[in-house]
Amino acid sequence: MTSEAVPPAPREGAWQGRPAGLPSGIPPPSVPLSFLAAASLGLVACGAALIWSRAYGIVDPTDDQVVAAAHFGMLATLSMGVLGAIHQFTPVITQRPLRSVRLSRTTFLTWLAGAWLLPFGFATQQEYVVETGGAFAALAVTLFVVNSAQPLSVQGKGAPVAGLRFAIAGLVVTACFGVVYVIDRQGNWFDLAGHVVLAHACVGLFAWLGLAYVSVSEKLWPMFLLAHVPG
């Protein structure tokens with residue numbers, strides 16, 4: 001009587017069809033591609049929202065229709081794409097896997113919900129939709145931080161890792177600004193002056209998106225040169 005060997009259980013993050021030689025920490029392509037595909041849809045929605053809100057923007061740039069278009073651009077397009085890129089490049093830069101592929105997929109779903117519900121809530125002036133979208137977005141940021149904290153805690157990887165740490169800190173600060181803004185729309189508890197709202201936008205654009213772009217390019221540009229420059 002012979003017994004068949006039982007194959008070992010797959011490690012977290014392992015995926016079928018992984019090319020030979022690819023580091024085990026790299027997530028399956030469906031993880032970053034889901035973010036990037038959703039970002040392309042967000043770009044279409046942002047363009048449509050900008051066309052729809054053009055008349056409102058001339059009269060009042062802070063009108064809810066304009067805010068909706070801006071959030072389609074910031075959340076559903078730019079941040080969606082950057083989140084996908086970071087899910088891919090964090091294991092490449094740190095040579096350590098993310099905590100969980102399941103967390104990555106859950107982050108995508110919750111961010112997708114938040115990135116679309118928030119602008120729809122602003123555009124339709126339905127506060128419960130805004131609050132629901134804000135809750136999903138806050139949950140997505142929390143999951144993302146938990147998922148990326150372990151690989152980004154690595155030491156000795158230089159400026160790209162340090163930049164990603166600061167970028168994620170910028171994302172957290174931006175999310176906290178957003179939570180306060182959502183609460184204030186319903187309760188009017190805070191004095192959200194124009195300079196406070198401007199700070200929210202600047203932190204999101206530069207401390208989150210800008211730093212993330214620079215940090216990833218800091219690693220990719222030398223790799224591009226090595227691959228394409230003769231000698």
Side-chain angles (χ1 to χ4, degrees), residues 9-18 22-46 71-121 128-154 161 164-179 181-183 204 208-209 211-212 215-216:
R11 298 187 305 273
E12 175 64 39
W15 43 280
Q16 187 176 8
R18 179 190 297 274
L22 189 68
S24 59
I26 305 300
S30 59
V31 171
L33 289 179
S34 59
F35 285 92
L36 297 177
S40 65
L41 294 177
L43 181 60
V44 174
C46 178
H71 280 77
F72 268 124
M74 283 290 294
L75 302 184
T77 306
L78 296 176
S79 293
M80 182 70 78
V82 170
L83 283 170
I86 292 180
H87 274 84
Q88 176 69 20
F89 289 118
T90 294
V92 174
I93 293 172
T94 64
Q95 298 179 357
R96 291 188 179 184
L98 297 170
R99 183 179 296 273
S100 169
V101 172
R102 292 188 182 92
L103 272 179
S104 299
R105 299 192 191 283
T106 306
T107 300
F108 166 69
L109 293 175
T110 51
W111 186 261
L112 180 67
W116 283 76
L117 287 176
L118 268 170
F120 271 119
Y128 74 93
V129 178
V130 174
E131 293 169 2
T132 303
F136 274 114
L139 176 59
V141 171
T142 303
L143 295 175
F144 176 60
V145 171
V146 170
N147 202 14
S148 59
Q150 185 173 351
L152 288 178
S153 65
V154 66
V161 172
L164 285 178
R165 291 176 191 151
F166 282 114
I168 293 175
L171 173 62
V172 172
V173 173
T174 305
C176 291
F177 265 112
V179 169
Y181 178 73
V182 169
I183 293 174
W208 155 231
L209 294 173
L211 271 177
S215 301
V216 171

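Quick note: numbers below take in every heavy atom, side chains included, and nothing from hydrogens, waters or symmetry partners.
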- When the ring centroid of F108 is compared with that of F144, is the distance short of 6.0 Å? no
- Query: Without hydrogens or angle criteria, can the side chains of R105 and S34 be said to hold a donor-acceptor pair below 3.5 Å?
  - Reply: no
- Task: Might you work through the side chain to side chain contact (heavy atoms under 4.5 Å, CB included) test for T94 and V161, ending with a clear yes or no?
- Result: CA-CA 7 Å; T94 64; V161 172; 3.8 Å; yes
- Message: Less than 4.5 Å apart, side chain to side chain, heavy atoms only: is that true for H87 and N147?
- Response: yes
- Item | Which atom of L43 lies closest to which atom of T77, heavy atoms considered | N-OG1, 3.1 Å
- Where is the tightest heavy-atom contact between P151 and L98, given as atom of each residue plus distance? CG-CD2, 4.0 Å
- Would you mind reporting whether V82 and W208 have side-chain heavy atoms less than 4.5 Å apart? yes
- Distance-minimising heavy-atom pair for G81 and A39: N-CB, 3.8 Å
- What is the distance from atom OG of S100 to atom CG of L143, rounded to the nearest 0.5 Å? 10.0 Å
- Item | Check: L152 and T90 side chains under 4.5 Å, non-hydrogen atoms | yes
- Message: Could you check whether any side-chain heavy atom of I26 comes within less than 4.5 Å of a side-chain heavy atom of Q88, counting everything from C-beta outward?
- Response: yes
- Item | Distance in Å, S215 OG paired with F166 CZ, rounded so as to fall on 0.5 Å steps | 9.5 Å
- Query: If you take all heavy atoms of A45 and W116, which pair is closest and at what distance?
  - Reply: CB-CH2, 3.5 Å
- Rounded distance [0.5 Å steps], CG in L75 versus CG in L83: 10.0 Å
- Between R96 and Q150 the two heavy atoms that sit nearest each other are NH1-O, 4.0 Å
- Query: What is the distance from atom CZ of F136 to atom CG of L118, rounded to the nearest 0.5 Å?
  - Reply: 11.0 Å
- Using the side chain to side chain contact (heavy atoms under 4.5 Å, CB included) rule, take L139 and T106 through it: C-alpha gap first, then chi angles, then the decisive distance, then the call. CA-CA 10 Å; L139 176 59; T106 306; over 6 Å; no
- Message: If you define the side chain from C-beta out and look only at heavy atoms, does anything of T174 sit under 4.5 Å from M74?
- Response: no
- Task: Tell me, with the steps shown, if M80 and L41 meet side chain to side chain contact (heavy atoms under 4.5 Å, CB included).
- Result: CA-CA 10 Å; M80 182 70 78; L41 294 177; over 6 Å; no
- Nearest 0.5 Å please: distance from the CG atom of L103 over to the OG1 atom of T110. 9.5 Å
- Item | 4.5 Å side-chain heavy-atom contact, S148 and I86 | no
- Query: Can W111 and S79 be said to form a side chain to side chain contact (heavy atoms under 4.5 Å, CB included), step by step?
  - Reply: CA-CA 9 Å; W111 186 261; S79 293; 3.6 Å; yes
- Task: Quick one: closest heavy-atom pair of A212 and A167, and the distance?
- Result: N-CB, 3.7 Å
